[in-house]
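Each chain gets a letter, A, B and so on, in the order the sequences are listed, and its residues count up from 1.
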Amino acid sequence: MSDKKVRVRFAPSPTGGLHLGGVRTVLFNYLFAKKYKGDFVLRIEDTDQNRYVEGAEQYILDCLKWCGITPDESPVVGGQYAPYRQSERKPIYREYAERLIAQGHAYYAFDTPEELDAKRKEIPNFQYGHAHRYELRNSLNLPLQEVEALLHANTPHVIRIKMPQDDTISFNDMIRGYVSFDTNQVDDKVLLKADGMPTYHLAVVVDDYLMKITHAFRGEEWLPSAPVHLLLWEFLGWKAEMPEWAHLPLILKPDGHGKLSKRDGARLGFPVYAMNWLDKKTDELTPGFRELGFLPEAFLNLLAMLGWNDGTDQEIFSLDELIEKFSIERISKAGAKFDFEKAKWYNAEWIKRTDAESLKLKVWEILKENGVTVTDEAYLLKVIDIVKERCVLLPDFYQQSAYFFQQPTEYDINSVKPKWTDAKTDFFNALVTALPELDSFEPAAIETRFKALAEEKGLKVGELMLPFRIMLVGGKFGPHVFDIAALLKPSETIIRIEKALEAFTS
RNA sequence: GGCCCGUUCGUCUAGGGGUUAGGACGUUAGAUUUUCAUUCUAGAAACAGGGGUUCGAUUCCCCUACGGGCUACCA
């Protein structure tokens, strides 16, 4: 690696929500930048006005924020190389495209999309390249005067790169190693569109150069166009400053074939986007990991492990640990099928490892959404500690802890009523009187008294535990029943026993 | 079709010329938990196939198969 300051960029196109693969690209960029104390740049690639979606850029910003990833330079915080939105850089690109034409590395093409469509239908495997470019309407084979006349008349045109013939373009990918391409197989990609906007190919090269990007991470789907980019770096005379490339393996559908898409989420019942995305045109909501109840730490963790590991058996990593341990050499080459079950496991692990204090706000929010008001913060923290090991997703906290804040409204009556006896009623009435007399309301003390009382009444403890639980909780779940009683305090425990007794005996 | 990339349990992966091919998720069985979850123990489960190279290949090379990506005035 050179001694230049590391600079990487995440360059999304604002066309909708950010999916798993996108966030993982952000993550790997970020990890690499921070590992080498470099800069992480956010650049918005909004060169396609047809696909531009309102709100998508804000979504990307919000998403990075949720993940705890802060860009050093971006459209909002600015930076030395502003603007960071390609649409705002529009005038820059034409100059470079013209320069390529002057050097003979690019040319004007006047063919309309319709004409090209017709060609594609007419000629099998049609490519706008060395085989056909001299039959088409471009500055390569039109007389100079005609080209000038067309240009002068503002005839819609694009600028295409002129791919060299019979050449091999190769480079060393940080993940894949040596990769090479035959230039005859690559077509003359459009560099500048008829609307004056650059295509990705031109924009990425120009901006990476201007923004002094040293390492370029992107999805493997970009590998086939790498030769175009490589050539552009060379033609523009910037080869010495070209970033090192890393083409990340793709995240694939869990079942069948192909890369993971938004549709798969709906089909398979798990989120594909980082956060909820509402399409304003169709009103269609694409669910996100955040809203489903994932912790950002878990989300990042599981994404990092999709195609990377540190060489040990460790699977749980914090963002700081990832930065410390990250290495490109350990990124795998093959695509990874996404497994939602494992994703949930990561979240459960993170919930278990996160202290109540850090979970507090999120749990409070979830309870509130479900109509449970929490006023005692210390009590909430105790509840979180006692139930968090049985929560996989954040919303599980509602089901697992609502009864700590409100009395059960329904009882799993079928689990108690058939086996109910007057002796049991007698026992619980006795318990009601015994409880307030306890010196300590610690779980162990309650348990001791509970068992002693059962013995006095000649009842089996086992037959009383479940009814007691259902009295306090309403159902067959939750932490140890005496722990629950202890948290509930004697007064509330007694109220619940009495209330349940009515339901059980009526 | 063409070009490019890839291929270890169902899934994510470790490993690497001689290993009982390791871990994790999931799964199965058992223990603990007088509920559920957790936790613990044990089990089933993989080197795509064929040729080389080699004393020896899952590991290196080639071919095939399969998978994936690209093949737009989309990124």
Candidates [options] - which lies nearest the side chain of [X]:
X        : options             : result
A/Asn309 : B/C74, B/A14, B/G69 : B/A14
A/Val190 : B/U39, B/C73, B/C25 : B/C73
A/Thr199 : B/C4, B/U13, B/C74  : B/C74
A/Leu306 : B/C12, B/C5, B/U38  : B/C12
A/Pro224 : B/C36, B/U13, B/G69 : B/G69
A/Glu45  : B/A75, B/C5, B/C25  : B/A75
A/Lys333 : B/G6, B/C73, B/U39  : B/G6
A/Trp222 : B/U35, B/C12, B/A75 : B/A75
A/Glu221 : B/U71, B/G69, B/U35 : B/G69
A/Lys189 : B/U39, B/A37, B/U71 : B/U71

Legend entry - A/Gly307 vs A/Val179, nearer the 5' end of RNA chain B by closest nucleotide: A/Val179
Legend entry - Given RNA chain B, 5'-ward residue of the pair A/Pro113 and A/Pro479, judged by closest heavy atom: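 Here A/Pro479 is the residue nearer the 5' end.
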[N] versus [M] - spacing of their [atom1] atoms, nearest Å:
N     : M     : atom1 : result
B/C61 : B/G26 : P     : 36 Å
B/U53 : B/G43 : C1'   : 39 Å
B/G67 : B/A75 : P     : 30 Å

Interatomic distance where [atom1] belongs to [X] and [atom2] belongs to [N] [whole Å]:
X        : N     : atom1 : atom2 : result
A/Gln49  : B/C73 : CD    : C1'   : 10 Å
A/Glu114 : B/C73 : CD    : P     : 11 Å
A/Asp173 : B/C4  : CG    : P     : 15 Å

Inset, instruction - Find out whether the Lys NZ or Arg CZ of A/Arg43 is both under 6.0 angstrom from the six-membered ring centre of A/Phe10 and within 45° of the ring's axis. - result: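 The answer is no, since A/Arg43 fails at least one limit relative to A/Phe10.
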Give a yes or no on whether a salt bridge exists between [X] and [Y], defined as a side-chain N under 4.0 angstrom from a carboxylate O.
X        : Y        : answer
A/Lys451 : A/Glu447 : yes
A/Arg330 : A/Asp310 : no
A/Asp396 : A/Arg390 : no
A/Lys189 : A/Asp187 : yes
A/Glu57  : A/Arg85  : yes

Inset, instruction - Would you indicate whether A/Glu410, at its atom CD, is surrounded by more than 12 heavy atoms from other residues, nucleotides or ligands within a distance under 6.0 Å? - result: no
Inset, instruction - Assess whether atom CD of A/Glu455 is packed by more than 12 heavy atoms of other residues, nucleotides or ligands within 6.0 Å. - result: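 No - once you tally the heavy atoms of other residues, nucleotides and ligands closer than 6.0 Å, there are 12 at most.
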Is [X] close enough to [N] that one of its side-chain N or O atoms is under 4.0 Å from OP1 or OP2 there?
X        : N     : result
A/Lys259 : B/C70 : yes
A/Lys337 : B/G10 : no
A/Lys193 : B/A72 : no
A/Arg469 : B/U34 : no
A/Arg330 : B/G15 : yes
A/Thr312 : B/G23 : no

Inset, instruction - Under a 3.5 Å limit for both distances, which nucleotide forms a Watson-Crick or G-U wobble pair with B/C70, could you say? - result: B/G2
Legend entry - Pairing partner (Watson-Crick or G-U wobble, both distances under 3.5 angstrom) of B/C40: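 In the structure as shown, B/C40 has B/G30 as its Watson-Crick or wobble partner.
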Heavy atoms under 4.0 Å, any strand shown: does [X] hit a base, just sugar-phosphate, or nothing?
X        : answer
A/His157 : nothing
A/Asn50  : nothing
A/Val158 : base
A/Arg120 : sugar-phosphate

Anything under 3.5 Å between a protein N or O and an N or O of nucleotides 28-32 of chain B, put it in a table, one pair a line.
none

